[in-house]
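Structure, as structure tokens:
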Amino acid sequence: MKLNVNFPHHPYDILIEKGSLSQAGSWLSQLWQPQKVVIVTDNRVARLYAEKVKLSLESAGFEAYVFDFFEGEASKNLKTVNKVYEFLVKVGLTRSDGIVALGGGVVGDLAGFAASTYMRGVHFVQIPTSLTAQVDSSIGGKTGVNTPWAKNMVGTFTQPDGVLIDPEVLHTLGQRELIEGMGEVVKYGLIEDKELWDELSEMDGSPESILEHAESIIYHSCDVKRKIVVEDELDNGVRLYLNFGHTIGHAIEATAGYGKVMHGEAVAIGMVQVSRVAEKKGLMPAGITEDIIQMCQKFGLPVDYQPWNESAFYQALIHDKKARGNSIKLVLVPELGSASIHQIPLEEMKEFLKK
């Protein structure tokens with residue numbers, strides 16, 4: 001299955017195909033001339049897939065190297081990026097060479113950021129290996145790293161030259177890692193794709209059902225994201241729909257300590273919290289919060305977080321990229337399958353943090 005992200009200035013394809021990881025070299029040779037390529041990955045993904053991808057690239061005529069860093073959100077920072085730069089200099093990467101991001105969302109964000117800033121930009125591709133990265137973070141060109149003040153505070157908008165998605169790699173994910181990806185999938189059904197929501201409703205919620213439906217839910221999710229980011233590449237309008245649940249979710253991630261609460265888990269908690277308060281305020285229809293809770297719980301996603309610290313979350317929210325001056329753009333779901341943006345004073349966010 002193939003989807004085209006049809007930016008006028010930089011169109012690229014998303015290829016979703018079982019078993020495609022072993023064909024990474026031939027796929028990349030259709031996008032790039034033979035050149036030096038650095039595969040940026042983490043230590044866990046490196047053990048599983050780096051050698052396979054490296055050999056595939058080499059057999060297609062690329063000169064391939066592997067750089068890996070310690071897995072997890074806590075490594076997604078400028079310190080790790082500096083280590084990437086050091087490695088790129090050491091192997092002599094030039095502006096006509098490229099980077100392959102092989103891994104989950106942390107790898108994709110960090111490798112993309114390094115590629116977009118090293119020598120003012122070398123080209124890169126995404127080969128996402130987690131469900132969260134396959135359905136969400138590998139598409140749309142957002143790169144970035146965390147700071148002590150906020151998640152993804154430092155970053156760029158830079159589109160990859162292509163995205164290669166092999167659903168087979170999901171079989172090597174831990175159960176928690178697989179389930180957390182469903183936070184983003186549920187979000188896509190809520191904000192845009194009623195057909196996806198219906199498919200999720202019919203599934204039994206087990207990890208086996210996620211793997212069985214992987215190709216379909218990845219395709220649906222990527223299609224929603226593709227359409228939205230093409231319409232609003234730089235996150236000023238409808239792309240904000242993709243942030244449903246993220247405003248509070250990011251605050252939870254940052255205050256818990258990066259990596260303690262996984263991204264998809266935080267999104268699920270954020271979707272439930274914002275919907276519960278919006279429902280009380282009459283901004284979302286009665287019953288929708290319960291629908292979201294039931295869907296999240298079916299797939300094993302958390303719907304609450306303890307200790308709930310309103311003041312700490314609010315401090316994290318002040319640094320959120322969705323904040324504009326003294327207001328913040330909050331995404332709500334007025335009905336299943338559609339989203340809207342509700343701009344409120346930052347101060348009012350305190351109400352949305354109340355239990």
Side-chain angles (χ1 to χ4, degrees), residues 1-7 10-21 23-24 27-28 30-31 100-109 111-112 124-143 157-170 173 177-200 203 209-233 235 238-246 263-264 267 299 331 337-339:
M1 291 188 278
K2 194 181 275 190
L3 286 163
N4 181 249
V5 185
N6 53 330
F7 287 112
H10 192 102
Y12 59 92
D13 288 332
I14 304 164
L15 181 65
I16 306 163
E17 192 176 295
K18 284 184 176 176
S20 57
L21 195 71
Q23 306 302 313
W27 169 74
L28 197 59
Q30 294 167 38
L31 302 175
V100 172
L102 174 69
V106 168
V107 169
D109 282 5
F124 75 105
V125 293
Q126 293 268 16
I127 305 182
T129 59
S130 71
L131 184 57
T132 302
Q134 290 185 348
V135 300
D136 186 66
S137 58
S138 64
I139 301 133
K142 276 187 180 179
T143 77
F157 286 97
T158 313
Q159 301 302 332
D161 291 337
V163 182
L164 180 69
I165 297 175
D166 182 352
E168 288 289 325
V169 303
L170 299 178
L173 280 183
E177 285 75 18
L178 181 68
I179 289 168
E180 72 107 4
M182 292 304 293
E184 291 287 3
V185 176
V186 169
K187 176 201 77 178
Y188 283 119
L190 282 164
I191 65 166
E192 176 86 11
D193 193 333
K194 185 68 168 57
E195 196 180 313
L196 173 59
W197 182 266
D198 291 342
E199 181 174 353
L200 297 176
M203 292 164 63
S209 74
I210 297 170
L211 293 169
E212 192 183 319
H213 288 255
E215 272 182 294
S216 175
I217 61 179
I218 292 167
Y219 181 87
H220 274 276
S221 300
C222 288
D223 195 31
V224 174
K225 183 151 193 187
R226 173 191 72 84
K227 285 186 282 198
I228 288 176
V229 299
V230 167
E231 191 176 334
D232 176 22
E233 182 179 4
D235 214 8
V238 294
R239 186 165 180 164
L240 289 168
Y241 292 170
L242 299 170
N243 289 321
F244 181 54
H246 285 58
H263 178 66
V267 168
F299 285 103
V331 183
S338 73

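In what follows, residues are counted from 1 in the order of the sequence shown.
Here Asn6 pairs with nothing under the side chain to side chain donor-acceptor pair (under 3.5 Å) rule; sequence neighbours left out. Legend: residues meeting side chain to side chain contact (heavy atoms under 4.5 Å, CB included) with His220, ordered by chain and number and at least two apart, are Asp193, Glu195, Leu196, Glu199, Ser216. Every residue two or more places apart in sequence or in another chain that forms a side chain to side chain contact (heavy atoms under 4.5 Å, CB included) with Asp223 is listed here: Leu3, Arg226, Lys227. Shown here are the side chain to side chain donor-acceptor pair (under 3.5 Å) partners of Thr143, two or more places apart in sequence or in another chain: Thr156. Partners of Glu215 under the side chain to side chain contact (heavy atoms under 4.5 Å, CB included) rule, at least two apart in sequence or in another chain, are Met1, Lys18, Pro167. Judged as a ring-ring contact (aromatic ring centres under 6.0 Å, His included), and not counting sequence neighbours, Phe157 has no contacts.
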* To do: Before giving the answer on side chain to side chain donor-acceptor pair (under 3.5 Å), spell out for Tyr188 and Asp136 the whole-Å C-alpha distance, their side-chain angles and the decisive distance to 0.1 Å.
  => CA-CA 9 Å; Tyr188 283 119; Asp136 186 66; 2.6 Å; yes

* **Stepwise side-chain contact (heavy atoms from CB on, under 4.5 Å) check, His263 with Val106** => CA-CA 10 Å; His263 178 66; Val106 168; over 6 Å; no

* Go through Glu192 and Tyr241 one step at a time and tell me if the side chain to side chain donor-acceptor pair (under 3.5 Å) criterion holds. => CA-CA 9 Å; Glu192 176 86 11; Tyr241 292 170; over 6 Å; no

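Residues Ile127 and Val100 are in side-chain contact: their nearest non-hydrogen atoms beyond the backbone lie under 4.5 Å apart. Annotation: side chain of Val107 is not in contact with side chain of Thr129 (no heavy-atom distance under 4.5 Å). Side-chain atoms of Leu242 and Val229, non-hydrogen and from C-beta on, do get closer than 4.5 Å to each other. Looking at heavy atoms from C-beta onward, Glu177 lies out of side-chain contact with Leu131 at the 4.5 angstrom threshold. Lys142 places none of its side-chain heavy atoms less than 4.5 Å from the side chain of Asp109. With contacts defined as side-chain heavy-atom distances shorter than 4.5 Å, the pair Gln23/Asp166 does not qualify. The side-chain heavy atoms of Leu211 and Leu178, taken from C-beta on, include a pair separated by under 4.5 Å. Counting only heavy atoms from C-beta outward, the side chains of Cys222 and Val163 never approach each other to under 4.5 Å.
Atoms CG and CD1, on Leu164 and Ile14 in that order, are 11.5 Å from each other to the nearest 0.5 Å.
Side-chain contact of Glu180 with Thr132: a donor-acceptor pair under 3.5 Å is present, judged by distance alone.
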